[in-house]
Structures are given as C-alpha cells and as structure tokens.
**Student:** 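Below is the structure I would like to discuss, written out as structure tokens.
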Amino acid sequence: MTDRPLQLSRRALIGGIASSGGLLLSGCSDQQPPTYGNILRMGDNLTYNAQRLLLSRNALVTEYDRSQISSMPAIGTIDPARPDVGLHDPKGGEAYAALRHGDFADWRLKVEGSVNNPRSFSLAELKKMQSRTQITRHTCEQGWTAIAEWTGVPLRSVLAAAGVRPSARFVQFYTFDLMADGIDMVDALHPQTILAYGMNGRELPIGHGAPLRLRIERQMGFKSLKFLRRIVVTDKFDDLGRAGTIQNGWSWYNGI
Amino acid sequence: MTGASEAEANAGSRGHRLWVRLTHWLIAAAVLTLIYSGVTILMAHPRFYWGDVGNDLIQPLFEVPLGPNYHTIRYSAATPFFASPDGPVTADLLMAPWNQNSWARSLHFLAAWCFLAGLFAYLCLAFITGHVRRVLWPRRDELGRQNLWRDVRAHLRLPMPAAEPGPPYAILQKLAYTAVVLVALPLMFLTGITMSPAITANYPILLAIFGGAQSARTIHFFTFAFLAIFLLIHLVMILLTGPLRQVRGMILGK
C-alpha cells in the first residue's frame, strides 16, 4: 500500500498530460476524469495533471495557531433531515433523522470496493483509532475562507484497516444528502486528509457535517464532503452520475 | 529577419513586430475571457477582506454592489464556537445563493493557461530581443517634469493627431505599457495562484508575500480594476488616433 500505487499512477498521469495537453481526447482513459468532449473539462484535466506533475504530492498545507481560529459559516446542506435547504434526499434525510435521534450510536461508516476486508466502523471505533488534530484554512470556491481546528482519523488509516488493494486508484464518498464525490489516491493518502468528528475542540456541529465529514485540505471546501455514510474504493474513475461534480458542470479536481 | 527589424526599430521605424502581434492577441483574448469569468466568480461573493480569512460572518474590508448576492444572504442566529460569546461563531446559511462558479471557474482557469502561455512567451522575447530596454523602459531624461507635462497636455488636446502604429512611444505610453506587462499582468498570475490551496501547500511563501489568501484576493481585484481602466483608456486612444490604421497595424504590422 505504500509505493506501488503511486508509481503506477504517475505513469497514468504522464499519459493524461499527453491527452489533455493536446486537448484532443475525450477522456478515454479510465484513470482520468471524463471530459464528454467539453472544452472546460479538458481545461480541468490540464490543471489536474499539471498540478500532479509539478507539485509535490506530500506538501502539507499551513497549519495555524489556536488563536487564529475564525468564524465559519455552514453552507450547502446544513441538516440532511431538512427538506427546505441544501441538496435534500428524502430517504437519506429520514435515515439521518433516526440516527441523530440516537446520538449517532447506530451510525456506521461502510468501507467497501477495492479492499480486502470490506467493513463498517462505528463512531466509537473511529474515535479509538490514532487521531490527528489540525488547524487549517477552509477555502470555499465562492471566494471566502475560514480557519478551524479539525480532529479525526486519517483517511489512510481507515483505508489501511480495510486492506486497500494495490490496484486502488480512487476513493468515492457517499453522504446522507444528494452529494457524492471522489478523490485520487494522492489526496486520499495525504497525511492531512482526515475523517473529522471534532471541530474546534467539540463534537462536529450538525451544520458542519455531523457525525463525520471529510477534510481534504489541498482542494476547495466543497470537496470536503459532510454527513458521510459510505466510502467506496475503486480501480477506475467513477463520475458518480447525477450525484457527482462533473455531470453538474463542475470540475472534479479543485486544487485551485 | 530579427536583425533587420531590430535595425529598423533602432532607426526609429514604426510598426509592430510579429511576435508582439501574436502575443498581444493571445493575451488580449485570454484577458477578456478572464474578465468575463472573473466578474462572474466575484458575483458569487462580492465581499473583500484582508489577511488569511474572510467570510459572511466576518466584517468585510469593503463590498462591491454587484449581482444578486449583494446584501441578500440570510443566516440563522450565530452560535459561538467557544465559551466566550465574543469569540468566533458559526451560523447556518438559510438559502441557496446565486452561483455560476461551475463553468466560470473552469473557464477562468482554461483562459488562465492561455494567458500564462502568452505572458511567458511575451516576457521571454521582450527581454531576449531587448524590446523592454529599447521600446518600453523610459529613459531618465524622459521622466523630467516638463516632458511628462507636455505629454499629458498632448493627450488632452482634441482632436488628437492620427498616429503611426507601434514604437517609438512617448513617455505616458511607455509608463502605461511597462506597468501593465511588467507589474500588473505578473501580479494577476501571482495573486491568482495564492488563492489555490494546492499551490500554497507547496509554496507557502506566496501567502507570506501577499499577507494571506484574502489579501491576495483583494490585490487580485484591485489589479483587475487597474487593468480594466488601462483597457478602457487603451481603446479610447485607439479610437481617437485612427482606429482602422491602429488595428491594422496590430494585425499586419504596419
């Protein structure tokens, strides 16, 4: 799980540079976000491959001091059970309301797909694992920023516990609202990519994604999905259909 | 070819060289696209801050009265994060704000790649060929108060005499072009990438140089405003000095 996947994906990325550099192919490779012939998506892939090629994979974002923690709005879905704001999913919302009623004691995070031991984690199990606390800047695509302290378990520990296979290339996240999204293994295995259950020294508030949210610090805020319920590891790129970013007109990679 | 045209330029001959014309139009097309997509992005959050952080729950430095989100955003009551009620707070956004950033962001970065290619090619060629030193950089004697004042008055007298396209440039033109190509355009690129969490993870020095991601965003906006004013004056000067001949000069050379 250490070096081999990175080596292989680097080769795939160089192939990707060739294809998006020419702006010719419509994303034939199953290791690249599909472009559907859209020139904006070709530009997105150029940015993705250029950043993967030119930037260090392990560079850490700046971590701040506790005194620098700022106010931070909760936007998008602020409560999956509420039908009036955010991307409400009636079935997911109902399930979420029931779990919250029991203080998330029955909540489980499923981890499946390209792993040797598909399994689920309770909140208590995640909290027993080695935790990481980081004070980082959230950058929203709208233009605003906020600094907060996040406590959680590194995603790579969870993936290792599920026995992620060497063929794994992407990690997809499913939530209690209508959003789903994915990241590549470079971001998934990054030490600052955590599954956070605590914010600013307390339990994660509902508006910020209780009981568990992703923190992926080198991309725009909306990639840090809230209200997680399921993680699926894949060997190929999955655009996640109507729930994903690409078919909604957004870039899949948002490092800028 | 380069040797001949350099000799012509030194002899005071007029006209634009081929590489100047090519990079001019590439950068012009990219900048127009960047302005269009950039204003769309600004409309999602028309508030500006200084430092590392800034959002709807933080007092802005100033706001731009632009678009449907100006003064229309509604939040729930604020909840403090810590025991102190004066400390940082959170609140829930109770609406879906106007947001076209899906295509606007992707278009902005696609145009930014074209802009970067054009600017990089221009600056390399401008320094290698001596274009900066010979055509753009003001000589010391040109910076005298009398010469500056004479050029200002020349720009205020109407009708303006029709001008030959291309260099040599008078002092105000030299100052304007130098400020745009050596300061404003590179500054747009640098403040732009300072807003990227992936790039600043690698180069945190960018955050130190501009004083934070929000400061970089604010400088990005003011530099845009400077470039927009330059563009306006640039177009007016072309209209006043024989537009057909000027545009022809930038396409065909003379």
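Side-chain atoms are counted along with the backbone in the values below, which use heavy atoms only and exclude waters and symmetry mates. Naming convention: chains lettered A, B, ... in sequence-line order (proteins, then strands); numbering from 1 in each chain.
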**Student:** Carefully, step by step, assess B:Tyr49 and A:Thr145 under the rule side chain to side chain contact (heavy atoms under 4.5 Å, CB included).
**Tutor:** CA-CA 10 Å; B:Tyr49 317 86; A:Thr145 54; over 6 Å; no
**Student:** Against chain B, label A:Ser56 side chain, backbone, both or neither, depending on which of its atoms sit under 4.5 Å from a heavy atom there.
**Tutor:** both
**Student:** With a 4.5 Å cut-off on side-chain heavy atoms, are B:Leu57 and A:Pro73 touching?
**Tutor:** yes
**Student:** Counting distance only, does the side-chain N/O of B:Asn55 pair as donor-acceptor with the main-chain N or O of A:Trp144 below 3.5 Å?
**Tutor:** no
**Student:** Using non-hydrogen atoms only, which part of B:Leu207 is less than 4.5 Å away from chain A: side chain, backbone, both, or neither?
**Tutor:** side chain
**Student:** Among A:Thr62, A:Asp79, A:Ile147, A:Thr139, which residue forms the greatest number of heavy-atom pairs with chain B at distances under 4.5 Å?
**Tutor:** A:Ile147
**Student:** Given side chains that start at C-beta, do those of B:Pro197 and A:Gln219 come closer than 4.5 Å, heavy atoms only?
**Tutor:** no
**Student:** Pick one of side chain, backbone, both or neither for B:Met95, based on which atoms fall under 4.5 Å of a heavy atom in chain A.
**Tutor:** backbone
**Student:** How would you list, by chain and number, every residue that makes a ring pair (Phe, Tyr, Trp, His ring centres under 6.0 Å) with A:Trp250, sequence neighbours excluded?
**Tutor:** A:Phe222
**Student:** Pull out the residues in residues 200-210 of chain A that come under 4.5 Å of chain B, heavy atom to heavy atom, sorted by number.
**Tutor:** A:Asn200, A:Arg202, A:Gly207, A:His208
**Student:** Exactly one of B:Asp52, B:Val89, B:Ile58 should register a side-chain contact (heavy atoms from CB on, under 4.5 Å) with A:Ser70. Which one does?
**Tutor:** B:Ile58
**Student:** Which distance, rounded to the nearest 0.5 Å, do you find between the CG of A:Leu40 and the OG of B:Ser106?
**Tutor:** 5.5 Å
**Student:** CD1 of A:Ile69 to CZ of B:Phe81: how many Å apart, nearest 0.5 Å?
**Tutor:** 8.5 Å
**Student:** If you count every heavy atom of other residues, nucleotides or ligands that lies below 6.0 Å from B:Glu63 atom CD, does the total exceed 12?
**Tutor:** yes
**Student:** Flag the one option from A:Ala148, A:Cys140, A:Ala146 with the top tally of heavy-atom pairs under 4.5 Å to chain B.
**Tutor:** A:Ala146
**Student:** Does either side chain, that of A:Ser251 or that of B:Arg105, offer a donor lying less than 3.5 Å from an acceptor on the other one?
**Tutor:** no
**Student:** Please find the pair of heavy atoms, one from A:Arg137 and one from B:Thr200, that lie closest to each other, and give the distance.
**Tutor:** NH2-OG1, 3.9 Å
**Student:** Relative to chain B, which segment of A:Gln192 carries a heavy atom at a distance below 4.5 Å: side chain, backbone, both, or neither?
**Tutor:** neither
**Student:** Please classify the contact between B:Pro80 and chain A as side chain, backbone, both or neither, with a heavy-atom cut-off of under 4.5 Å.
**Tutor:** backbone
**Student:** How about OH on B:Tyr203, more than 12 heavy atoms from neighbouring residues, nucleotides or ligands closer than 6.0 Å, or not?
**Tutor:** no
**Student:** Hey, could you give me the OG/CD distance between B:Ser196 and A:Gln51, rounded to the nearest 0.5 Å?
**Tutor:** 5.0 Å
**Student:** So which part of B:Ala213 gets closer than 4.5 Å to some heavy atom of chain A, the side chain, the backbone, both or neither?
**Tutor:** side chain
**Student:** Kindly determine whether A:Glu141 and B:Asn99 satisfy side chain to side chain contact (heavy atoms under 4.5 Å, CB included), including the steps that lead there.
**Tutor:** CA-CA 10 Å; A:Glu141 46 78 20; B:Asn99 188 334; 3.2 Å; yes
**Student:** Using the side chain to side chain contact (heavy atoms under 4.5 Å, CB included) rule, take A:Arg82 and B:Leu94 through it: C-alpha gap first, then chi angles, then the decisive distance, then the call.
**Tutor:** CA-CA 11 Å; A:Arg82 266 179 81 154; B:Leu94 298 176; 3.9 Å; yes
**Student:** Step by step, would you call A:Ile256 with B:Ile199 a side chain to side chain contact (heavy atoms under 4.5 Å, CB included)?
**Tutor:** CA-CA 7 Å; A:Ile256 185 160; B:Ile199 294 174; 4.2 Å; yes
**Student:** Does B:Thr90 offer a backbone N or O that forms a donor-acceptor pair with the side chain of A:Ser71 under 3.5 Å?
**Tutor:** no
**Student:** Heavy-atom count around B:Trp19 CH2 within 6.0 Å, excluding the residue itself: above 12?
**Tutor:** yes
**Student:** So for A:Asp187, is it side chain, backbone, both, or neither that comes closer than 4.5 Å to the heavy atoms of chain B?
**Tutor:** neither
**Student:** Measuring from A:Ile78:CD1 to B:Tyr75:OH, what's the distance to the nearest 0.5 Å?
**Tutor:** 10.0 Å
**Student:** For the residue pair B:Asn69 and A:Gln142, confirm or rule out a side-chain donor-acceptor distance under 3.5 Å.
**Tutor:** no
**Student:** Quick one: which of A:Asn38, A:Asp84, A:Thr136, A:Thr47 has the most heavy-atom pairs under 4.5 Å with chain B, could you say?
**Tutor:** A:Thr47
**Student:** Please give me the minimum heavy-atom distance between B:Ser102 and A:Gly249, naming the atom from each residue.
**Tutor:** CB-O, 3.3 Å
**Student:** Name the region of B:Trp113, side chain, backbone, both or neither, that has any atom closer than 4.5 Å to a heavy atom of chain A.
**Tutor:** side chain
**Student:** So does B:Ile205 have more than 12 non-hydrogen atoms from other groups sitting under 6.0 Å from CD1?
**Tutor:** no
**Student:** Please report the interatomic distance CG(B:Leu110) to CG(A:Leu46), rounded to the nearest 0.5 Å.
**Tutor:** 8.0 Å
**Student:** Indicate the atoms forming the closest heavy-atom contact of A:Tyr253 with B:Ala198, along with that distance.
**Tutor:** OH-CB, 3.7 Å
**Student:** From B:Phe82 CZ over to A:Arg66 CZ, what is the distance, rounded to the nearest 0.5 angstrom?
**Tutor:** 5.0 Å
